[in-house]
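Quick notes on the structure that follows.
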Amino acid sequence: MNHERSDLAAKIQPDIPHAARIWNYWMGGKDNFEADRAAGDAVAQVYPDIVKMAVQSRGFLVRAVGHLAGEAGISQFLDIGTGLPTMQNTHEVAQSINAASRIVYVDNDPLVLVHARALLRNTTPEGVTAYVDGDYHEPELIVSDAHNVLDFTKPIAVMFMGVLGYVEDFELMRSIVGRVMDSVPSGSYLVLWDGTATGEAVAEGSDKLAESGAVPYYLRSLEEMASCFEGLEMVEPGLAPISQWHDEAGPFIDAHGAVARKP
């Protein structure tokens, strides 16, 4: 295990801004480097709400997972593109409601993998928390690995939390979502959010991110976001700013998401 962790650490490139570390910086974390902070500051200078978006995204996760683990009775979660561990991770929220919840995290970032041990700690003896080194461009491999932990004859909550904006081609993005959802049974749920092209400042922030040398983030239209949920049954209030999903008092954010059930 130590040898494996050393190999992963060697793959980290501190001089190149990286999405997971930039997001960690915006959320007030410490797992980032100077290049990440410079890129994050460049975006925040033209779009200050990016920091608010980072914080609000965690609120959306907490509310969505809380609803699914509680009211919807879901006990299995497949969190794809989870990023660096922060406070109130998916397994912590789910297992606080249902102690037997089973969670599979998926990511392929070397720094995230170095932190996998922290992410793998269950909060309950009954629960299961596992980690898959995988790329969402290969959904069939992710599903194959997840079969080792999750029971695909029972409902699963599939989560893409702000990560699919790094896919330039929208039809490919839809294909990734569709292929994972095709693999889960009736009664499963999709939880998905991404940044949206709903303001000039957020578009300028997206441009600054690309100029910084980080992987570009492609904003989606509301119509594109809605199409990701075609054939699914939206949970109220449907597609909404993530800050206002099950929180009517939340501020407007240029990021929209929804929770929807597979019939």
Parallel, tilted or perpendicular: rings of Tyr136 and Phe160 (30°, 60°) = perpendicular
N/O donor-acceptor pair under 3.5 Å between Arg102 side chain and Val149 backbone = yes
If you round to the nearest 0.5 Å, how far is OG of Ser75 from CD1 of Ile97?
-> 12.0 Å
Does Tyr218 share a hydrophobic cluster with Val46, counting links as ILVMFWY side-chain heavy atoms below 4.5 Å and allowing steps through other members?
-> no
Nearest heavy-atom pair of Pro263 and Gly231: which atoms, and what distance?
-> CD-O, 3.3 Å
Indicate yes or no: at least one non-hydrogen side-chain atom of Leu78 is less than 4.5 angstrom from one of Leu150.
-> yes
So, the side chain of His91 versus the backbone of Arg121: is there a donor-acceptor pair under 3.5 Å, distance only?
-> yes
Please report the closest heavy-atom contact between Val177 and Cys228, naming both atoms and the distance.
-> CG1-O, 4.2 Å
Glu34, CD: over 12 other non-hydrogen atoms inside 6.0 angstrom | yes
Check the surroundings of atom CD in Glu126: do more than 12 heavy atoms from other residues, nucleotides or ligands lie under 6.0 Å from it?
-> yes
Scan side-chain atoms only and decide if Gln95 and Thr129 contain a donor-acceptor pair under the 3.5 Å cut-off.
-> yes
First locate atom OG of Ser175, then atom CG of Asp169, and finally report the distance between them rounded to the nearest 0.5 Å.
-> 9.5 Å
Separation of Leu164 CG from Leu192 CG (nearest 0.5 Å) = 5.5 Å
Go through the steps for Leu68 and Phe77 under the test side-chain contact (heavy atoms from CB on, under 4.5 Å), then give the verdict.
-> CA-CA 9 Å; Leu68 292 173; Phe77 295 81; 4.1 Å; yes
Any chain of hydrophobic side-chain contacts (each under 4.5 Å) joining Phe33 to Leu84?
-> yes
Of all heavy-atom pairs between Pro17 and Ile22, which one has the smallest distance, and what is that distance?
-> CB-CD1, 3.9 Å
Does one hydrophobic cluster hold both Val180 and Leu172, with members joined at side-chain heavy-atom distances below 4.5 Å?
-> yes
Are Arg179 and Asp182 ion-paired here, with the side-chain N under 4.0 Å from a carboxylate O?
-> no
Look at the side-chain heavy atoms of Ile, Leu, Val, Met, Phe, Trp and Tyr, link any pair under 4.5 Å apart, and say whether Leu232 and Tyr189 land in one connected group.
-> yes
Return yes if some donor-acceptor pair links the side-chain N/O of Tyr105 with the main-chain N/O of Thr90 below 3.5 Å, else return no.
-> yes
dist His256:NE2 -> Trp193:CH2 (nearest 0.5 Å) comes out at 12.0 Å
Apply side-chain contact (heavy atoms from CB on, under 4.5 Å) to the pair Met27 and Val51, showing each step before the final yes or no.
-> CA-CA 7 Å; Met27 292 189 74; Val51 177; over 6 Å; no
Non-hydrogen side-chain atoms of Gln56 and Pro251 separated by less than 4.5 Å = yes
Indicate yes or no for a side-chain donor-acceptor contact from Asp145 to the backbone of Val132 under 3.5 Å, with no hydrogens or angles considered.
-> no
How about Asp254 and Thr196: does a side-chain donor come under 3.5 Å of a side-chain acceptor?
-> no
Got a second to check how far Arg174's CZ is from Glu224's CD, nearest 0.5 Å?
-> 9.5 Å
Any side-chain heavy atom of Leu190 within less than 4.5 Å of one from Val259?
-> no
Any donor-acceptor N or O pair under 3.5 Å, side chains Asp151, Thr153 | yes
State whether the side chain of Ser188 and the backbone N or O of Pro155 hold a donor-acceptor pair below 3.5 Å, judged by distance alone.
-> no
Please step through side-chain contact (heavy atoms from CB on, under 4.5 Å) for the pair Met173 and Glu168, ending with a clear verdict.
-> CA-CA 8 Å; Met173 171 188 166; Glu168 179 177 5; over 6 Å; no
If you look only at distance, which donor and acceptor atoms sit under 3.5 Å apart when one is on a side chain in residues 204-215 and the other is two or more places apart or in another chain?
unit_1: Ser206; atom_1: OG; unit_2: Tyr217; atom_2: O; d: 2.6
unit_1: Ser212; atom_1: OG; unit_2: Leu209; atom_2: O; d: 2.6
unit_1: Ser212; atom_1: OG; unit_2: Ala214; atom_2: N; d: 3.3

Verdict with reasoning, Phe170 to Arg220, per side-chain contact (heavy atoms from CB on, under 4.5 Å) = CA-CA 8 Å; Phe170 175 69; Arg220 309 299 184 191; 3.9 Å; yes
Taking all non-hydrogen atoms of both residues into account, name the closest pair between Gly187 and Arg261 and its distance.
-> CA-NH2, 3.6 Å
Is Glu233 salt-bridged to Lys262, going by a charged N under 4.0 Å from an acidic O?
-> no
Is Glu248 atom CD crowded by more than 12 heavy atoms from other residues, nucleotides or ligands, each under 6.0 Å away?
-> no
Hey, could you give me each pair passing side-chain hydrogen bond (donor to acceptor under 3.5 Å, both in side chains) that has a residue in residues 18-27? Not counting sequence neighbours.
-> His18-Asp109, Arg21-Asp36, Asn24-Asn32, Tyr25-Asp41
Within the side chain of Thr82, is there an N or O that forms a donor-acceptor pair under 3.5 Å with the backbone of Asp79?
-> no
Nearest-0.5 Å distance that lies between atom CG in Leu219 and atom CG in Asp194 = 9.0 Å
Between the side chain of Glu92 and the main-chain N/O of Asn89, is any donor-acceptor distance below 3.5 Å?
-> yes
Does Arg63 reach the main-chain N or O of Trp245 with its side chain, forming a donor-acceptor pair under 3.5 Å?
-> yes
Check the hydrophobic clustering (I, L, V, M, F, W, Y; side-chain heavy atoms under 4.5 Å; chains of links allowed) and say if Ile80 and Val62 are grouped together.
-> yes
Any side-chain heavy-atom pair of Val158 and Val191 under 4.5 Å | no
